[in-house]
Amino acid sequence: MDFIIEAAVKAVKTLYQTELNAADVNLQPTRKEFEGQVTIVTFPFTKFSRKSPEQTGTEIGEFLKNEVKEIAGFNVIKGFLNISLADGYWLDKFYNEILPDDFATSKPNGKKVMVEYSSPNTNKPLHLGHVRNNLLGYSVAEILKAEGYEVVKANLVNDRGIHICKSMLAWQKFGNSETPESTGEKGDHLVGKYYVLFDKEYKKQIDELKSFGQTEEDAKKNAPIIKEAQEMLQQWEAGNEEVIRLWKMMNLWVYDGFGKTYEALGVNFDKFYYESETYLLGKDIVEEGLEKGVFFEKEDGSVWIDLTADGLDQKLVRRSDGTSVYMTQDLGTAQEKYKNFHMDESIYVVGNEQDYHFKVLFLILAKLGKSWAKGLYHLSYGMVDLPSGKMKSREGTVVDADDLIAEMEQTAKAEIEKNGKIDGFGELEKAELYHTVGMGALKYFLLKVDPKKRLLFDPNESIDLQGHTGPYVQYSHARIRSVLKKADYRQSETVKIDLAPIERDLLFSLAQYPETITQAAKEHSPAVIANYVYELAKNYNKFYHEKKILQAEDESSKAFRLQLSSATAKVIKKAMKLLGIEVPERM
RNA sequence: GCACUUGUAGCUCAAUUGGAUAGAGCAUCUGACUACGGAUCAGAAGGUUAGGGGUUCGACUCCCUUCAAGUGCACCA
């Protein structure tokens with residue numbers, strides 16, 4: 001709609017002798033209680049016109065109507081100039097832009113972006129919090145692709161450290177050599193079981209020590225089992241063969257389990273990083289920082305950066321014993337990623353509990369003069385909470401990802417058996433559909449919320465399939481496909497008809513798809529897409545009820561409405577794909 | 001204590017980034033299937049946008065302040 005903005009700039013120049021920038025013209029969709037499709041807010045122009053808002057709007061409206069042939073009419077309410085565009089404009093746009101198959105497919109923008117997401121610990125199965133992370137990361141990657149970026153999806157697996165040793169140790173002590181094969185249990189769940197077991201034993205020992213008069217703090221340090229775990233970590237770092245063998249074996253179990261969950265979630269990765277391979281990175285950066293005078297060394301040999309001038313604290317980057325900390329490792333990994341891919345932007349999908357960490361990380365890299373530091377972005381999302389509070393793996397108060405997926409499939413199955421139209425589906429086809437609809441509901445539920453907001457999930461209330469939900473959009477798609485099939489639709493030629501208001505609304509909705517992708521990419525927010533596609537489906541459903549398609553008044557209307565339906569189905573499908581949600585032909 | 005984030009209908013979320021009478025869904029109530037798919041549609045009811053102050057033509061949005069919730073403030077990751 002740039003032509004309207006340009007014309008408005010010209011109008012203000014001609015009428016009031018004032019030069020405006022395109023950005024000064026506020027164009028927005030007209031509210032549905034008023035006539036028109038787009039609205040210019042004319043309040044800001046009154047200071048140039050020195051006339052009332054109504055008069056200013058009317059003058060600009062007259063000018064535009066005479067100047068721009070696509071503008072069929074206008075009305076002014078207070079400082080709002082509502083513009084009606086001619087049907088010809090909408091039909092041209094529909095046939096030239098929206099209906100063709102390449103609608104909203106943008107050309108490569110020449111930029112490369114890395115999206116790091118998932119990044120699980122290999123000591124326990126994935127829970128709902130991880131699910132949010134995975135869906136967000138995957139969707140943001142898809143959105144950026146649609147916007148023209150070349151995308152690298154990365155997964156930095158946290159496969160080492162004390163928490164991994166805890167599972168390993170507990171398995172060694174209490175596991176009786178059981179394996180996923182021997183128990184039939186999914187590998188990540190089996191390992192997670194021992195992580196919980198470790199914690200139980202650890203707590204028991206703490207209580208015991210406390211009963212002998214130790215303070216809580218001392219007991220936590222002195223419990224034999226935690227000391228053993230720390231020893232094991234040292235042995236791991238020293239390359240102890242037996243420990244390494246155990247570590248590799250149990251990690252393989254976990255990867256096998258994660259692989260299944262990832263597949264069910266429909267997410268994937270182009271590049272895996274493993275902390276066991278990256279945890280020593282960053283030492284050279286510490287040296288570099290010392291040389292550049294960005295870091296400084298204290299008497300005890302520890303190395304720090306002083307960020308107090310930036311309103312932050314002093315931050316340790318190397319211990320006095322010369323070993324790395326989390327920050328060091330992340331500095332090194334960031335460098336490594338850039339070395340591998342030379343991307344223009346790099347997005348970290350990580351929970352908001354690490355806001356401070358990333359603020360510091362990016363600031364340090366900028367201070368070190370890394371040219372690529374400005375392309376770093378922390379996509380910070382809110383925690384998923386239960387009504388009972390925070391999820392805690394060790395205490396078993398988590399919503400397990402695999403369980404949840406299975407439940408969603410069950411919910412979808414029940415609904416489909418009740419209302420679905422799936423005569424002739426084979427068992428495999430049915431199972432696939434239950435999965436598609438169940439995951440549609442789950443994914444939409446998690447993605448429709450602004451990422452940065454925390455999410456409340458009540459496991460006792462199943463996720464809706466009606467209303468503002470994934471299945472609503474999926475249903476809309478299936479229904480359109482059904483109509484098109486019945487009509488034996490093939491793209492026919494251009495027709496000229498008078499548009500009904502609801503048809504104009506639907507066209508407007510469709511036309512907004514490209515800028516919706518742009519906005520979602522800019523904000524790194526799948527929620528923008530989710531809300532858009534719901535709005536689109538809603539407009540279609542309204543149209544569907546108001547207008548007959550197969551029994552339309554005349555052949556031209558029928559042809560047009562079929563085309564409109566087809567275009568809507570295509571956009572729904574594409575938009576849902578950006579959320580990682582499939583849409584069925586029937587359901 | 002300090003820092004960051006959040007607070008919108010009973011519940012779950014929107015609000016085109018400072019624009020019109022703050023919009024949807026769920027739940028509640030009323031209506032529409034001898035229909036192209038009723039997982040739908042039309043309507044009713046529901047609000048001091050946590051409270052207070054300020055900035056201006058205009059504030060859910062920006063500033064100040066109070067309150068509430070969450071997170072972070074390790075030579076852990």
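Here is the naming used below: chain letters follow the sequence lines, and residue numbers restart at 1 for every chain.
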Applying the salt bridge (charged side-chain N to carboxylate O under 4.0 Å, His left out) test to Asp450(A), which of Lys448(A), Arg454(A), Lys452(A), Lys453(A) qualifies?
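Single salt bridge (charged side-chain N to carboxylate O under 4.0 Å, His left out) partner of Asp450(A) among Lys448(A), Arg454(A), Lys452(A), Lys453(A): Lys452(A).
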
Which listed nucleotide (C41(B), G23(B), A20(B)) is nearest to the side chain of Lys538(A)?
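Given the options C41(B), G23(B), A20(B), the side chain of Lys538(A) is closest to C41(B).
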
Quick one: [X] [atom1] to [N] [atom2], roughly how many Å, whole number?
X: Phe80(A); N: G18(B); atom1: CZ; atom2: P; value: 15 Å
X: Lys221(A); N: C76(B); atom1: NZ; atom2: C1'; value: 13 Å
X: Glu353(A); N: G70(B); atom1: CD; atom2: C1'; value: 11 Å
X: Ile502(A); N: C41(B); atom1: CD1; atom2: P; value: 11 Å
X: Gln354(A); N: C76(B); atom1: CD; atom2: P; value: 16 Å
X: Met383(A); N: A69(B); atom1: CE; atom2: C1'; value: 15 Å
X: Lys32(A); N: U21(B); atom1: NZ; atom2: P; value: 16 Å
X: Asn26(A); N: A20(B); atom1: CG; atom2: P; value: 10 Å

With sequence neighbours left out, what residues match [X] under side chain to side chain contact (heavy atoms under 4.5 Å, CB included)?
X: Tyr475(A); answer: Arg479(A), Met587(A)
X: Lys413(A); answer: Gln410(A), Glu417(A), Tyr434(A)
X: Gln28(A); answer: Asn26(A), Thr39(A), Val41(A)

Nucleotide opposite [N] in a Watson-Crick or G-U pair, distances under 3.5 Å:
N: G19(B); value: C57(B)
N: G1(B); value: C73(B)
N: C33(B); value: none
N: G25(B); value: C11(B)
N: U6(B); value: A68(B)
N: A45(B); value: none

Sticking with atom [atom1], work out how far [N] lies from [M], rounded to a whole angstrom.
N: U61(B); M: G52(B); atom1: P; answer: 12 Å
N: C41(B); M: U56(B); atom1: P; answer: 45 Å
N: G7(B); M: A50(B); atom1: C1'; answer: 6 Å
N: C62(B); M: C26(B); atom1: P; answer: 31 Å
N: U49(B); M: G23(B); atom1: C1'; answer: 12 Å
N: U65(B); M: A3(B); atom1: P; answer: 10 Å
N: G51(B); M: A32(B); atom1: P; answer: 41 Å
N: A68(B); M: A22(B); atom1: P; answer: 30 Å

Any donor-acceptor pair under 3.5 Å from Thr568(A) side chain to Leu564(A) backbone:
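The answer is yes, because a donor-acceptor pair under 3.5 Å joins these two groups.
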
Has Tyr444(A) got a side-chain atom pairing as donor or acceptor with Ala530(A)'s backbone, closer than 3.5 angstrom?
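A pair under 3.5 Å: yes.
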
According to side chain to side chain donor-acceptor pair (under 3.5 Å), who are the partners of [X], at least two apart in sequence or on a separate chain?
X: Arg561(A); answer: Glu503(A), Glu553(A)
X: Tyr472(A); answer: Asn541(A)
X: Glu582(A); answer: none
X: Gln519(A); answer: Glu523(A)

Near RNA chain B, counting only heavy atoms under 4.0 Å, which residues of residues 42-53 of chain A show up?
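The stretch gives Phe43(A), Pro44(A) as the residues lying under 4.0 Å from the strand, ordered by number.
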
Under 4.0 angstrom, heavy atoms only, what part of the nucleic acid is [X] near: base, sugar-phosphate, or nothing?
X: Thr39(A); result: base
X: Asn82(A); result: base
X: Asp385(A); result: nothing

Sequence neighbours excluded, every pair satisfying salt bridge (Lys or Arg N to Asp or Glu O under 4.0 Å) that has a member inside residues 22-47 of chain A:
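Salt bridge (Lys or Arg N to Asp or Glu O under 4.0 Å) check on residues 22-47 of chain A returns no pairs.
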
Check salt bridge (Lys or Arg N to Asp or Glu O under 4.0 Å) between Glu407(A) and all other residues, then give those that pass, not counting sequence neighbours.
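With neighbours one apart ignored, the set is empty.
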
Should the pair Arg160(A) and Tyr274(A) be classed as cation-pi, given the thresholds of under 6.0 Å to the six-membered ring centre and 45° from the axis?
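Because its charged atom misses either the 6.0 Å distance or the 45° angle limit, Arg160(A) does not stack over Tyr274(A).
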
OP1 or OP2 of G58(B) sitting under 4.0 Å from any side-chain N/O of Lys78(A)?
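No, because none of the side-chain N or O atoms of Lys78(A) sits under 4.0 Å from OP1 or OP2 of G58(B).
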
Determine: side-chain N/O of Arg160(A) to OP1/OP2 of A77(B), distance under 4.0 Å, yes or no.
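Negative; the distance criterion is not met.
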
Mind listing the N/O atom pairs, protein and nucleotides 31-40 of chain B, below 3.5 Å?
residue : atom : partner   : partner atom : Å
C36(B)  : O2'  : Tyr544(A) : OH           : 2.5
C36(B)  : N3   : Ile549(A) : N            : 3.0
C36(B)  : N4   : Lys547(A) : O            : 2.9
G37(B)  : OP1  : Ser482(A) : OG           : 3.0
G37(B)  : OP2  : Lys486(A) : NZ           : 3.0
G37(B)  : O2'  : Tyr475(A) : OH           : 2.6
G37(B)  : N7   : Ser482(A) : OG           : 3.0
G37(B)  : N1   : Met587(A) : O            : 2.9
G37(B)  : N2   : Met587(A) : O            : 3.0
G38(B)  : OP2  : Arg479(A) : NH1          : 3.0
A39(B)  : OP2  : Asn419(A) : ND2          : 3.4
A39(B)  : O4'  : Gln466(A) : NE2          : 3.1
U40(B)  : OP1  : Gly467(A) : N            : 3.2
U40(B)  : O2'  : Arg479(A) : NH2          : 3.3
U40(B)  : O2'  : His545(A) : NE2          : 2.8
U40(B)  : O2   : His545(A) : NE2          : 3.2

For the residue pair Tyr377(A) and His524(A), does the interplanar ring angle fall in the parallel (under 30°), tilted (30 to 60°) or perpendicular (over 60°) class?
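Because their plane-to-plane angle is under 30°, the rings of Tyr377(A) and His524(A) count as parallel.
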
Contact string for nucleotides 1-16 of chain B, one letter per nucleotide 5' to 3', B = base within protein heavy-atom range under 4.0 Å, S = sugar-phosphate only, - = neither, reads -----SS----SSS-B

